[in-house]
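The figures here come from the full heavy-atom set of this structure, side chains too, leaving out hydrogens, waters and symmetry mates. Naming: A, B, ... by sequence-line order, numbering from 1 per chain.
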Number of protein chains: 2
Amino acid sequence: MEQIRSLIANGDLRPGDRLPAERELAKQLSISRPSIRAGLRMLVARGVLRAKHGSGTYVADGPPSLDSEQLSLLADLHGFTFDQMFEARQVLEVQVAGLAAERATAEHLATLSEEIAEMYAALDDPQQYLIHDIKFHRAIAAASENPILATLVEMVSAVMYDQRRETIGRAHDFKESVEMHQRVYRAIRSHNAEEARRSMHEHLALAHKAYRTEEGKLSKKKK
Amino acid sequence: MEQIRSLIANGDLRPGDRLPAERELAKQLSISRPSIRAGLRMLVARGVLRAKHGSGTYVADGPPSLDSEQLSLLADLHGFTFDQMFEARQVLEVQVAGLAAERATAEHLATLSEEIAEMYAALDDPQQYLIHDIKFHRAIAAASENPILATLVEMVSAVMYDQRRETIGRAHDFKESVEMHQRVYRAIRSHNAEEARRSMHEHLALAHKAYRTEEGKLSKKKK
DNA sequence: CGATAAAAATTGGCTTTACCAATAGGTGAG
DNA sequence: CTCACCTATTGGTAAAGCCAATTTTTATCG
(Lines give C-alpha, C1' and ligand atoms only; values in the text may rest on other atoms or scores of the structure.)
Protein backbone atom coordinates (compact mmCIF):
# COMPACT_ATOMS: atom_id res chain seq x y z
CA MET A 1 0.00 0.00 0.00
CA GLU A 2 2.80 2.37 0.90
CA GLN A 3 4.62 1.68 -2.36
CA ILE A 4 1.57 2.51 -4.44
CA ARG A 5 0.91 5.52 -2.28
CA SER A 6 4.38 6.90 -2.85
CA LEU A 7 3.95 6.41 -6.59
CA ILE A 8 0.89 8.61 -6.39
CA ALA A 9 2.55 11.16 -4.11
CA ASN A 10 5.51 11.43 -6.47
CA GLY A 11 3.20 12.16 -9.36
CA ASP A 12 4.16 9.03 -11.26
CA LEU A 13 0.51 8.07 -11.19
CA ARG A 14 -2.07 10.64 -12.20
CA PRO A 15 -5.83 10.46 -11.66
CA GLY A 16 -7.37 8.30 -14.35
CA ASP A 17 -4.18 6.36 -14.99
CA ARG A 18 -4.34 2.62 -15.17
CA LEU A 19 -2.16 0.53 -12.89
CA PRO A 20 -0.20 -2.47 -14.12
CA ALA A 21 -2.01 -5.77 -13.77
CA GLU A 22 -1.86 -7.39 -10.36
CA ARG A 23 0.26 -10.26 -11.60
CA GLU A 24 2.76 -7.85 -13.10
CA LEU A 25 2.83 -5.60 -10.06
CA ALA A 26 3.59 -8.66 -7.96
CA LYS A 27 6.59 -9.45 -10.14
CA GLN A 28 7.83 -5.85 -10.21
CA LEU A 29 7.64 -5.33 -6.46
CA SER A 30 8.72 -8.90 -5.69
CA ILE A 31 5.81 -9.67 -3.39
CA SER A 32 3.02 -12.17 -3.75
CA ARG A 33 -0.18 -11.41 -5.56
CA PRO A 34 -2.40 -11.76 -2.48
CA SER A 35 -0.31 -9.12 -0.74
CA ILE A 36 -0.62 -6.85 -3.75
CA ARG A 37 -4.35 -7.43 -3.69
CA ALA A 38 -4.49 -6.61 0.03
CA GLY A 39 -2.83 -3.25 -0.57
CA LEU A 40 -5.00 -2.45 -3.56
CA ARG A 41 -8.10 -3.41 -1.61
CA MET A 42 -7.27 -0.94 1.10
CA LEU A 43 -6.71 1.84 -1.39
CA VAL A 44 -9.96 0.97 -3.14
CA ALA A 45 -11.77 1.07 0.21
CA ARG A 46 -10.37 4.54 0.81
CA GLY A 47 -11.53 5.77 -2.56
CA VAL A 48 -8.07 6.29 -4.03
CA LEU A 49 -8.34 3.50 -6.57
CA ARG A 50 -11.20 1.93 -8.54
CA ALA A 51 -11.04 -1.68 -9.66
CA LYS A 52 -12.89 -2.78 -12.77
CA HIS A 53 -13.28 -6.48 -13.22
CA GLY A 54 -11.79 -7.63 -16.50
CA SER A 55 -10.42 -4.22 -17.34
CA GLY A 56 -7.91 -3.10 -14.75
CA THR A 57 -7.36 -0.94 -11.70
CA TYR A 58 -7.39 2.81 -12.10
CA VAL A 59 -6.52 5.85 -10.04
CA ALA A 60 -9.73 7.60 -9.02
CA ASP A 61 -10.43 10.80 -10.90
CA GLY A 62 -13.90 12.06 -10.13
CA PRO A 63 -15.53 12.51 -6.76
CA PRO A 64 -16.56 9.46 -4.76
CA SER A 65 -19.76 7.80 -5.91
CA LEU A 66 -23.03 8.34 -4.10
CA ASP A 67 -23.16 4.86 -2.65
CA SER A 68 -21.63 3.62 0.55
CA GLU A 69 -18.63 5.82 1.15
CA GLN A 70 -16.22 6.62 3.91
CA LEU A 71 -18.33 8.24 6.58
CA SER A 72 -21.38 6.06 6.04
CA LEU A 73 -19.81 3.18 7.91
CA LEU A 74 -18.84 5.44 10.77
CA ALA A 75 -22.41 6.68 10.73
CA ASP A 76 -23.65 3.18 11.50
CA LEU A 77 -20.98 2.80 14.13
CA HIS A 78 -21.49 6.01 16.05
CA GLY A 79 -25.15 6.39 15.30
CA PHE A 80 -25.17 9.84 13.77
CA THR A 81 -28.48 11.61 14.20
CA PHE A 82 -30.29 13.83 11.76
CA ASP A 83 -29.84 16.83 13.97
CA GLN A 84 -26.10 16.29 14.07
CA MET A 85 -26.01 15.88 10.34
CA PHE A 86 -27.79 19.12 9.63
CA GLU A 87 -25.65 20.90 12.17
CA ALA A 88 -22.54 19.64 10.39
CA ARG A 89 -23.96 20.75 7.07
CA GLN A 90 -24.69 24.20 8.47
CA VAL A 91 -21.12 24.53 9.67
CA LEU A 92 -19.64 23.37 6.39
CA GLU A 93 -21.91 24.36 3.59
CA VAL A 94 -22.84 27.88 4.67
CA GLN A 95 -19.22 28.98 4.52
CA VAL A 96 -18.58 26.92 1.40
CA ALA A 97 -21.47 28.68 -0.35
CA GLY A 98 -19.81 31.98 0.50
CA LEU A 99 -16.52 30.85 -1.03
CA ALA A 100 -18.34 29.53 -4.08
CA ALA A 101 -19.94 32.93 -4.60
CA GLU A 102 -16.51 34.50 -4.63
CA ARG A 103 -14.89 32.03 -6.98
CA ALA A 104 -17.47 30.33 -9.19
CA THR A 105 -16.49 30.20 -12.85
CA ALA A 106 -18.80 30.02 -15.85
CA GLU A 107 -18.47 26.25 -15.93
CA HIS A 108 -19.44 25.93 -12.28
CA LEU A 109 -22.49 28.12 -12.83
CA ALA A 110 -23.51 26.04 -15.82
CA THR A 111 -23.32 22.83 -13.78
CA LEU A 112 -25.35 24.37 -10.98
CA SER A 113 -27.97 25.55 -13.43
CA GLU A 114 -28.21 22.11 -14.99
CA GLU A 115 -28.81 20.45 -11.66
CA ILE A 116 -31.59 22.88 -10.85
CA ALA A 117 -33.21 22.05 -14.16
CA GLU A 118 -32.97 18.35 -13.31
CA MET A 119 -34.62 19.05 -9.99
CA TYR A 120 -37.53 20.73 -11.72
CA ALA A 121 -37.82 17.73 -14.00
CA ALA A 122 -37.90 15.34 -11.05
CA LEU A 123 -40.47 17.12 -8.91
CA ASP A 124 -42.61 14.00 -8.69
CA ASP A 125 -39.79 11.48 -8.33
CA PRO A 126 -38.34 11.71 -4.81
CA GLN A 127 -35.44 9.36 -5.55
CA GLN A 128 -34.28 11.35 -8.55
CA TYR A 129 -34.90 14.63 -6.77
CA LEU A 130 -32.69 13.58 -3.87
CA ILE A 131 -29.87 12.65 -6.24
CA HIS A 132 -29.88 16.00 -7.99
CA ASP A 133 -30.32 17.84 -4.73
CA ILE A 134 -27.10 16.29 -3.48
CA LYS A 135 -25.35 16.85 -6.80
CA PHE A 136 -26.26 20.52 -6.56
CA HIS A 137 -24.68 20.81 -3.15
CA ARG A 138 -21.59 19.00 -4.36
CA ALA A 139 -21.35 21.31 -7.33
CA ILE A 140 -21.34 24.27 -4.96
CA ALA A 141 -18.54 22.64 -3.01
CA ALA A 142 -16.61 22.15 -6.25
CA ALA A 143 -17.11 25.82 -7.06
CA SER A 144 -15.39 26.76 -3.81
CA GLU A 145 -12.17 25.71 -5.57
CA ASN A 146 -11.00 24.01 -2.39
CA PRO A 147 -10.71 20.26 -2.94
CA ILE A 148 -10.49 19.58 0.79
CA LEU A 149 -13.81 21.25 1.49
CA ALA A 150 -15.27 19.63 -1.61
CA THR A 151 -14.23 16.22 -0.31
CA LEU A 152 -15.70 16.87 3.12
CA VAL A 153 -19.01 17.97 1.62
CA GLU A 154 -19.00 14.88 -0.57
CA MET A 155 -18.56 12.68 2.45
CA VAL A 156 -21.34 14.19 4.54
CA SER A 157 -23.64 14.20 1.53
CA ALA A 158 -22.93 10.49 1.08
CA VAL A 159 -24.11 9.91 4.65
CA MET A 160 -27.15 12.03 3.92
CA TYR A 161 -27.89 10.00 0.82
CA ASP A 162 -27.54 6.69 2.61
CA GLN A 163 -29.84 7.74 5.41
CA ARG A 164 -32.54 9.29 3.23
CA ARG A 165 -32.47 6.98 0.24
CA GLU A 166 -34.77 4.35 1.66
CA THR A 167 -37.00 6.47 3.83
CA ILE A 168 -37.66 9.46 1.61
CA GLY A 169 -41.36 10.18 1.35
CA ARG A 170 -43.63 12.24 -0.81
CA ALA A 171 -44.70 14.43 2.03
CA HIS A 172 -41.85 16.81 1.33
CA ASP A 173 -42.62 20.04 -0.49
CA PHE A 174 -40.18 19.81 -3.36
CA LYS A 175 -41.51 22.91 -5.04
CA GLU A 176 -40.48 25.09 -2.14
CA SER A 177 -37.16 23.29 -1.91
CA VAL A 178 -36.19 23.91 -5.50
CA GLU A 179 -37.02 27.58 -5.13
CA MET A 180 -34.64 27.82 -2.20
CA HIS A 181 -31.97 26.26 -4.37
CA GLN A 182 -32.72 28.84 -7.01
CA ARG A 183 -32.11 31.58 -4.51
CA VAL A 184 -28.75 30.15 -3.52
CA TYR A 185 -27.82 29.78 -7.16
CA ARG A 186 -28.67 33.38 -7.98
CA ALA A 187 -26.60 34.64 -5.06
CA ILE A 188 -23.60 32.64 -6.26
CA ARG A 189 -24.07 33.78 -9.84
CA SER A 190 -24.08 37.43 -8.78
CA HIS A 191 -21.00 36.78 -6.61
CA ASN A 192 -22.79 37.95 -3.50
CA ALA A 193 -21.07 35.95 -0.78
CA GLU A 194 -23.12 37.23 2.11
CA GLU A 195 -26.42 36.51 0.41
CA ALA A 196 -25.11 33.09 -0.59
CA ARG A 197 -24.34 32.27 3.02
CA ARG A 198 -27.67 33.61 4.26
CA SER A 199 -29.75 31.77 1.68
CA MET A 200 -27.84 28.53 2.20
CA HIS A 201 -28.38 28.83 5.93
CA GLU A 202 -32.10 29.33 5.49
CA HIS A 203 -32.31 26.53 2.96
CA LEU A 204 -30.69 24.05 5.32
CA ALA A 205 -32.77 25.23 8.26
CA LEU A 206 -35.95 24.74 6.24
CA ALA A 207 -34.86 21.35 4.95
CA HIS A 208 -34.01 20.31 8.48
CA LYS A 209 -37.43 21.35 9.68
CA ALA A 210 -39.14 19.58 6.80
CA TYR A 211 -37.30 16.35 7.51
CA ARG A 212 -38.10 16.60 11.18
CA THR A 213 -41.82 16.84 10.57
CA GLU A 214 -41.64 14.06 8.01
CA GLU A 215 -39.78 11.91 10.50
CA GLY A 216 -42.48 12.70 13.05
CA LYS A 217 -45.14 11.41 10.70
CA LEU A 218 -43.24 8.20 10.17
CA SER A 219 -42.83 7.48 13.86
CA LYS A 220 -46.50 8.31 14.35
CA LYS A 221 -47.43 5.79 11.72
CA LYS A 222 -45.42 3.17 13.52
CA LYS A 223 -47.71 3.53 16.47
CA MET B 1 -18.00 -6.53 4.16
CA GLU B 2 -21.71 -5.93 3.92
CA GLN B 3 -22.46 -8.71 6.36
CA ILE B 4 -20.14 -7.28 9.00
CA ARG B 5 -21.47 -3.83 8.29
CA SER B 6 -25.03 -4.89 8.88
CA LEU B 7 -24.00 -6.50 12.15
CA ILE B 8 -22.66 -3.13 13.24
CA ALA B 9 -25.67 -1.21 11.94
CA ASN B 10 -28.03 -3.54 13.81
CA GLY B 11 -26.15 -2.91 17.01
CA ASP B 12 -25.07 -6.52 17.40
CA LEU B 13 -21.51 -5.27 17.44
CA ARG B 14 -20.63 -2.38 19.72
CA PRO B 15 -17.44 -0.27 19.65
CA GLY B 16 -14.69 -2.15 21.46
CA ASP B 17 -16.23 -5.55 20.86
CA ARG B 18 -14.04 -8.30 19.57
CA LEU B 19 -14.97 -10.10 16.38
CA PRO B 20 -14.81 -13.88 16.05
CA ALA B 21 -11.53 -15.20 14.71
CA GLU B 22 -11.14 -15.13 10.94
CA ARG B 23 -11.17 -18.90 10.68
CA GLU B 24 -14.38 -19.08 12.65
CA LEU B 25 -16.04 -16.25 10.73
CA ALA B 26 -15.19 -18.10 7.54
CA LYS B 27 -16.99 -21.21 8.80
CA GLN B 28 -20.00 -19.27 10.08
CA LEU B 29 -20.56 -17.30 6.89
CA SER B 30 -19.54 -20.20 4.65
CA ILE B 31 -16.96 -18.26 2.69
CA SER B 32 -13.23 -18.72 2.42
CA ARG B 33 -10.85 -17.09 4.84
CA PRO B 34 -9.13 -14.85 2.24
CA SER B 35 -12.55 -13.45 1.32
CA ILE B 36 -13.23 -12.81 4.97
CA ARG B 37 -9.87 -11.11 5.19
CA ALA B 38 -10.66 -8.99 2.14
CA GLY B 39 -13.79 -7.66 3.78
CA LEU B 40 -12.08 -7.06 7.10
CA ARG B 41 -9.22 -5.30 5.36
CA MET B 42 -11.59 -2.85 3.72
CA LEU B 43 -13.25 -2.10 7.02
CA VAL B 44 -9.88 -1.67 8.69
CA ALA B 45 -8.83 0.70 5.91
CA ARG B 46 -11.95 2.76 6.54
CA GLY B 47 -11.26 2.94 10.24
CA VAL B 48 -14.24 0.89 11.35
CA LEU B 49 -12.20 -2.06 12.62
CA ARG B 50 -8.77 -2.46 14.17
CA ALA B 51 -6.78 -5.66 13.73
CA LYS B 52 -4.27 -6.67 16.39
CA HIS B 53 -1.85 -9.38 15.38
CA GLY B 54 -2.08 -12.33 17.73
CA SER B 55 -5.00 -10.91 19.64
CA GLY B 56 -7.99 -10.43 17.41
CA THR B 57 -9.98 -7.91 15.41
CA TYR B 58 -11.96 -5.27 17.26
CA VAL B 59 -14.58 -2.67 16.45
CA ALA B 60 -12.99 0.76 16.63
CA ASP B 61 -13.90 2.77 19.69
CA GLY B 62 -11.71 5.86 19.91
CA PRO B 63 -10.94 8.38 17.20
CA PRO B 64 -8.68 7.44 14.28
CA SER B 65 -4.98 7.44 15.05
CA LEU B 66 -2.71 10.25 14.00
CA ASP B 67 -0.95 8.31 11.29
CA SER B 68 -1.98 7.85 7.70
CA GLU B 69 -5.73 8.20 7.73
CA GLN B 70 -8.51 8.64 5.24
CA LEU B 71 -7.89 12.06 3.71
CA SER B 72 -4.11 11.83 3.70
CA LEU B 73 -4.16 9.59 0.66
CA LEU B 74 -6.52 11.91 -1.13
CA ALA B 75 -4.15 14.72 -0.18
CA ASP B 76 -1.38 13.07 -2.15
CA LEU B 77 -3.76 12.42 -5.00
CA HIS B 78 -5.26 15.87 -5.40
CA GLY B 79 -2.27 17.80 -4.14
CA PHE B 80 -3.84 19.76 -1.33
CA THR B 81 -2.00 23.01 -0.61
CA PHE B 82 -1.34 24.61 2.75
CA ASP B 83 -3.57 27.54 1.93
CA GLN B 84 -6.44 25.20 1.15
CA MET B 85 -5.86 23.31 4.36
CA PHE B 86 -5.95 26.38 6.53
CA GLU B 87 -9.01 27.63 4.71
CA ALA B 88 -10.76 24.35 5.42
CA ARG B 89 -9.73 24.57 9.05
CA GLN B 90 -11.09 28.10 9.28
CA VAL B 91 -14.43 26.97 7.90
CA LEU B 92 -14.65 23.98 10.20
CA GLU B 93 -12.91 24.78 13.44
CA VAL B 94 -14.11 28.33 14.00
CA GLN B 95 -17.72 27.19 14.14
CA VAL B 96 -16.80 24.05 16.04
CA ALA B 97 -15.08 26.15 18.70
CA GLY B 98 -18.30 28.09 19.09
CA LEU B 99 -20.29 24.90 19.59
CA ALA B 100 -17.70 23.63 22.05
CA ALA B 101 -18.06 26.80 24.10
CA GLU B 102 -21.78 26.18 24.34
CA ARG B 103 -21.57 22.51 25.26
CA ALA B 104 -18.22 21.67 26.86
CA THR B 105 -18.53 19.55 30.00
CA ALA B 106 -16.11 19.40 32.93
CA GLU B 107 -14.40 16.38 31.40
CA HIS B 108 -13.89 18.15 28.11
CA LEU B 109 -12.39 21.14 29.87
CA ALA B 110 -10.07 18.90 31.84
CA THR B 111 -8.81 17.25 28.66
CA LEU B 112 -8.24 20.61 27.02
CA SER B 113 -6.34 21.86 30.04
CA GLU B 114 -4.14 18.78 30.06
CA GLU B 115 -3.19 19.21 26.45
CA ILE B 116 -2.20 22.82 27.05
CA ALA B 117 0.00 21.68 29.91
CA GLU B 118 1.62 19.14 27.60
CA MET B 119 2.24 21.88 25.08
CA TYR B 120 4.04 23.95 27.70
CA ALA B 121 6.14 20.93 28.56
CA ALA B 122 7.09 20.41 24.91
CA LEU B 123 8.06 23.96 24.02
CA ASP B 124 11.49 22.84 22.81
CA ASP B 125 10.36 19.63 21.13
CA PRO B 126 8.59 20.49 17.87
CA GLN B 127 7.47 16.91 17.22
CA GLN B 128 5.80 16.55 20.60
CA TYR B 129 4.40 20.06 20.41
CA LEU B 130 2.73 19.31 17.08
CA ILE B 131 1.13 16.17 18.50
CA HIS B 132 -0.41 17.95 21.46
CA ASP B 133 -1.39 20.91 19.32
CA ILE B 134 -3.44 18.58 17.16
CA LYS B 135 -4.82 16.72 20.16
CA PHE B 136 -6.00 20.02 21.57
CA HIS B 137 -7.89 20.84 18.41
CA ARG B 138 -9.41 17.36 18.36
CA ALA B 139 -10.47 17.74 21.97
CA ILE B 140 -12.31 20.92 21.04
CA ALA B 141 -14.05 19.03 18.27
CA ALA B 142 -15.03 16.32 20.75
CA ALA B 143 -16.43 19.00 23.06
CA SER B 144 -18.78 20.12 20.28
CA GLU B 145 -20.73 16.93 21.07
CA ASN B 146 -21.21 16.34 17.36
CA PRO B 147 -19.42 13.16 16.28
CA ILE B 148 -19.70 14.06 12.61
CA LEU B 149 -17.88 17.33 13.06
CA ALA B 150 -15.41 15.63 15.37
CA THR B 151 -14.65 13.07 12.68
CA LEU B 152 -14.19 15.72 10.02
CA VAL B 153 -11.78 17.66 12.23
CA GLU B 154 -9.90 14.47 12.96
CA MET B 155 -9.49 13.81 9.27
CA VAL B 156 -8.20 17.25 8.34
CA SER B 157 -5.90 17.26 11.32
CA ALA B 158 -4.48 13.93 10.16
CA VAL B 159 -3.63 15.55 6.84
CA MET B 160 -2.08 18.44 8.74
CA TYR B 161 -0.01 16.03 10.81
CA ASP B 162 1.21 14.09 7.79
CA GLN B 163 2.25 17.22 5.96
CA ARG B 164 4.01 18.92 8.88
CA ARG B 165 5.51 15.93 10.66
CA GLU B 166 8.67 15.75 8.58
CA THR B 167 9.19 19.39 7.76
CA ILE B 168 8.44 21.05 11.04
CA GLY B 169 11.21 23.43 12.05
CA ARG B 170 12.28 25.26 15.13
CA ALA B 171 11.67 28.65 13.56
CA HIS B 172 8.12 28.63 14.82
CA ASP B 173 7.29 30.73 17.87
CA PHE B 174 5.70 28.08 20.07
CA LYS B 175 5.41 30.42 23.05
CA GLU B 176 3.05 32.70 21.17
CA SER B 177 1.18 29.72 19.82
CA VAL B 178 0.47 28.19 23.22
CA GLU B 179 -0.81 31.52 24.48
CA MET B 180 -3.28 31.64 21.63
CA HIS B 181 -4.46 28.20 22.62
CA GLN B 182 -4.87 29.43 26.17
CA ARG B 183 -7.11 32.19 24.94
CA VAL B 184 -9.31 29.76 23.06
CA TYR B 185 -9.47 27.50 26.08
CA ARG B 186 -10.54 30.31 28.42
CA ALA B 187 -13.28 31.37 26.02
CA ILE B 188 -14.63 27.81 25.91
CA ARG B 189 -14.40 27.45 29.69
CA SER B 190 -16.42 30.62 30.20
CA HIS B 191 -18.95 29.41 27.60
CA ASN B 192 -18.42 32.50 25.50
CA ALA B 193 -19.16 31.20 22.01
CA GLU B 194 -18.48 34.43 20.17
CA GLU B 195 -15.10 34.92 21.82
CA ALA B 196 -14.28 31.26 21.16
CA ARG B 197 -14.96 31.71 17.46
CA ARG B 198 -13.00 34.96 17.30
CA SER B 199 -9.96 33.62 19.13
CA MET B 200 -9.95 30.41 17.10
CA HIS B 201 -10.12 32.45 13.92
CA GLU B 202 -7.18 34.59 14.98
CA HIS B 203 -5.23 31.58 16.14
CA LEU B 204 -5.58 29.84 12.80
CA ALA B 205 -4.79 33.02 10.89
CA LEU B 206 -1.62 33.48 12.89
CA ALA B 207 -0.60 29.85 12.55
CA HIS B 208 -1.20 30.06 8.83
CA LYS B 209 0.98 33.14 8.58
CA ALA B 210 3.72 31.51 10.67
CA TYR B 211 3.76 28.43 8.49
CA ARG B 212 3.86 30.55 5.38
CA THR B 213 6.96 32.43 6.48
CA GLU B 214 8.56 29.19 7.63
CA GLU B 215 7.82 27.64 4.29
CA GLY B 216 9.36 30.69 2.63
CA LYS B 217 12.57 30.18 4.59
CA LEU B 218 12.71 26.56 3.51
CA SER B 219 12.30 27.32 -0.17
CA LYS B 220 14.87 30.10 0.20
CA LYS B 221 17.32 27.62 1.65
CA LYS B 222 16.79 25.37 -1.31
CA LYS B 223 18.05 28.10 -3.57
C1' DC C 1 -13.67 -3.46 -48.08
C1' DG C 2 -16.46 -3.04 -44.01
C1' DA C 3 -19.09 -4.73 -40.38
C1' DT C 4 -20.34 -8.02 -37.20
C1' DA C 5 -19.95 -11.97 -34.49
C1' DA C 6 -17.21 -15.40 -32.34
C1' DA C 7 -13.11 -16.74 -29.95
C1' DA C 8 -8.89 -16.00 -27.49
C1' DA C 9 -6.20 -13.44 -24.27
C1' DT C 10 -6.05 -10.29 -20.43
C1' DT C 11 -7.46 -8.99 -15.88
C1' DG C 12 -9.66 -8.79 -11.40
C1' DG C 13 -12.17 -12.02 -7.93
C1' DC C 14 -12.45 -16.19 -5.16
C1' DT C 15 -10.92 -20.60 -3.07
C1' DT C 16 -7.70 -23.93 -1.01
C1' DT C 17 -3.61 -25.03 1.34
C1' DA C 18 0.34 -24.15 3.89
C1' DC C 19 3.39 -21.68 6.83
C1' DC C 20 5.17 -17.46 9.57
C1' DA C 21 4.81 -14.05 13.51
C1' DA C 22 2.90 -11.92 17.41
C1' DT C 23 0.10 -12.17 21.37
C1' DA C 24 -2.36 -14.35 25.34
C1' DG C 25 -3.07 -17.53 28.68
C1' DG C 26 -2.00 -21.50 31.07
C1' DT C 27 1.55 -24.26 33.57
C1' DG C 28 5.23 -25.50 36.17
C1' DA C 29 9.44 -24.27 38.75
C1' DG C 30 11.29 -21.50 42.30
C1' DC D 1 2.54 -16.72 45.62
C1' DT D 2 5.36 -15.00 41.84
C1' DC D 3 7.63 -15.24 37.67
C1' DA D 4 9.44 -17.31 33.63
C1' DC D 5 8.53 -20.29 29.93
C1' DC D 6 5.87 -22.86 26.75
C1' DT D 7 1.87 -23.77 24.02
C1' DA D 8 -2.23 -22.65 21.64
C1' DT D 9 -4.79 -19.10 19.41
C1' DT D 10 -4.95 -15.42 16.10
C1' DG D 11 -3.78 -12.23 12.47
C1' DG D 12 -0.25 -11.87 8.35
C1' DT D 13 1.91 -13.73 4.17
C1' DA D 14 2.74 -16.82 0.37
C1' DA D 15 1.74 -20.03 -3.58
C1' DA D 16 -1.12 -22.32 -7.11
C1' DG D 17 -5.33 -22.85 -9.43
C1' DC D 18 -9.72 -21.72 -11.30
C1' DC D 19 -13.82 -18.57 -12.33
C1' DA D 20 -15.98 -14.38 -14.33
C1' DA D 21 -16.01 -10.10 -16.67
C1' DT D 22 -13.90 -7.36 -20.12
C1' DT D 23 -11.18 -6.27 -23.94
C1' DT D 24 -8.92 -7.27 -28.06
C1' DT D 25 -8.15 -9.88 -31.86
C1' DT D 26 -9.59 -12.62 -35.64
C1' DA D 27 -12.36 -14.75 -38.85
C1' DT D 28 -16.43 -14.83 -41.45
C1' DC D 29 -20.04 -12.97 -44.11
C1' DG D 30 -22.45 -9.33 -46.61
Side-chain angles (χ1 to χ4, degrees), chain A residues 1-8 12-62 64-70 73-74 77, chain B residues 1-8 12-70 72-74 77:
Chain A
M1 190 182 89
E2 284 303 327
Q3 299 200 43
I4 302 291
R5 177 179 178 171
S6 64
L7 281 181
I8 294 176
D12 295 340
L13 286 175
R14 307 287 308 170
D17 282 0
R18 184 187 152 180
L19 273 69
E22 295 180 352
R23 291 164 179 82
E24 192 172 347
L25 263 181
K27 266 194 299 184
Q28 284 183 17
L29 304 180
S30 302
I31 46 185
S32 76
R33 190 172 158 225
S35 297
I36 291 282
R37 284 184 58 74
L40 294 183
R41 243 167 219 292
M42 288 198 252
L43 294 171
V44 167
R46 294 194 178 188
V48 181
L49 300 180
R50 315 245 170 133
K52 288 196 176 181
H53 192 166
S55 171
T57 305
Y58 304 83
V59 180
D61 49 348
S65 70
L66 271 179
D67 279 309
S68 64
E69 287 299 329
Q70 314 272 35
L73 291 159
L74 297 174
L77 184 55
Chain B
M1 189 183 88
E2 283 305 326
Q3 298 200 44
I4 302 290
R5 179 180 177 170
S6 64
L7 282 180
I8 294 176
D12 295 340
L13 286 175
R14 306 286 308 170
D17 283 359
R18 185 187 150 180
L19 272 68
E22 294 180 353
R23 290 165 180 81
E24 193 172 346
L25 265 180
K27 265 195 299 184
Q28 284 183 16
L29 304 181
S30 303
I31 46 184
S32 74
R33 190 173 159 229
S35 296
I36 291 281
R37 286 184 57 74
L40 295 182
R41 242 167 222 291
M42 287 199 254
L43 294 170
V44 168
R46 293 195 178 186
V48 181
L49 300 179
R50 314 247 169 132
K52 286 195 178 182
H53 192 166
S55 172
T57 305
Y58 304 84
V59 181
D61 49 348
S65 70
L66 272 180
D67 279 309
S68 64
E69 286 300 328
Q70 313 271 33
S72 302
L73 291 160
L74 298 174
L77 184 55

Item to check | Atom-pair distance (CG on B:L40; C1' on D:dG12), nearest Å | outcome: 12 Å

Item to check | d(CG, A:L19; P, C:dG13) in whole Å | outcome: 12 Å

Next on the checklist: Both B:E24 and B:R41 contact DNA chain D. Which one's nearest nucleotide lies toward the 5' end?
Outcome noted: B:E24

Checklist entry - Considering only C:dC19, C:dT16, C:dG12, which nucleotide approaches the side chain of A:R23 most closely? => result C:dG12

Checklist outcome for this item: A:K27 NZ to D:dA16 P, in whole Å, measures 14 Å

Next on the checklist: From CE of A:M1 over to C1' of D:dT13, roughly how many Å is that when rounded to an integer?
Outcome noted: 17 Å

Item to check | Value rounded to 0.5 Å, distance of CG in B:L29 from CD in B:E24 | outcome: 10.5 Å

Checklist entry - Measuring from A:L13:CG to A:I4:CD1, what's the distance to the nearest 0.5 Å? => result 7.0 Å

Item to check | Rounded distance in Å - CZ (A:R37) to C1' (D:dC18) | outcome: 13 Å

Checklist entry - What is the per-nucleotide protein-contact pattern of nucleotides 21-27 of chain C, from the 5' end, where B denotes a base atom under 4.0 Å from a protein heavy atom, S denotes such proximity for sugar-phosphate atoms only, and - denotes neither? => result BBB----

Checklist outcome for this item: By nearest-nucleotide position on DNA chain C, the 5'-leaning member of B:A38 and A:R18 is A:R18

Checklist entry - How far apart are the closest heavy atoms of B:R46 and A:A45, and which atoms are they? => result NE-O, 2.9 Å

Checklist entry - Looking at the side chain of B:S32, which of C:dT16, D:dG12, D:dC18 is the nearest nucleotide? => result C:dT16

Checklist outcome for this item: Minimal heavy-atom distance between A:E22 and A:L40, with the atoms involved, is CG-CD1, 3.8 Å

Checklist outcome for this item: Partner of B:M42 under side-chain contact (heavy atoms from CB on, under 4.5 Å), picked from B:M1, B:R37, B:R5, is B:M1

Next on the checklist: Counting C-beta onward and ignoring hydrogens, is there a side-chain heavy-atom pair between A:L43 and A:T57 closer than 4.5 Å?
Outcome noted: no

Checklist entry - Separation of B:I36 atom CD1 from D:dT13 atom C1', in whole Å? => result 18 Å

Checklist outcome for this item: Regarding the side chain of B:R33, the nearest nucleotide among C:dG13, D:dT10, D:dT13 is D:dT13

Next on the checklist: Which residue is it: A:I36, A:L49, A:L7? I am looking for the one with a side-chain contact (heavy atoms from CB on, under 4.5 Å) to A:L19.
Outcome noted: A:L49

Item to check | Spacing of A:L49 atom CG relative to C:dG13 atom C1', expressed in whole Å | outcome: 16 Å

Item to check | Protein-nucleotide distance (B:L25, atom CG; D:dG12, atom P), rounded to Å | outcome: 13 Å

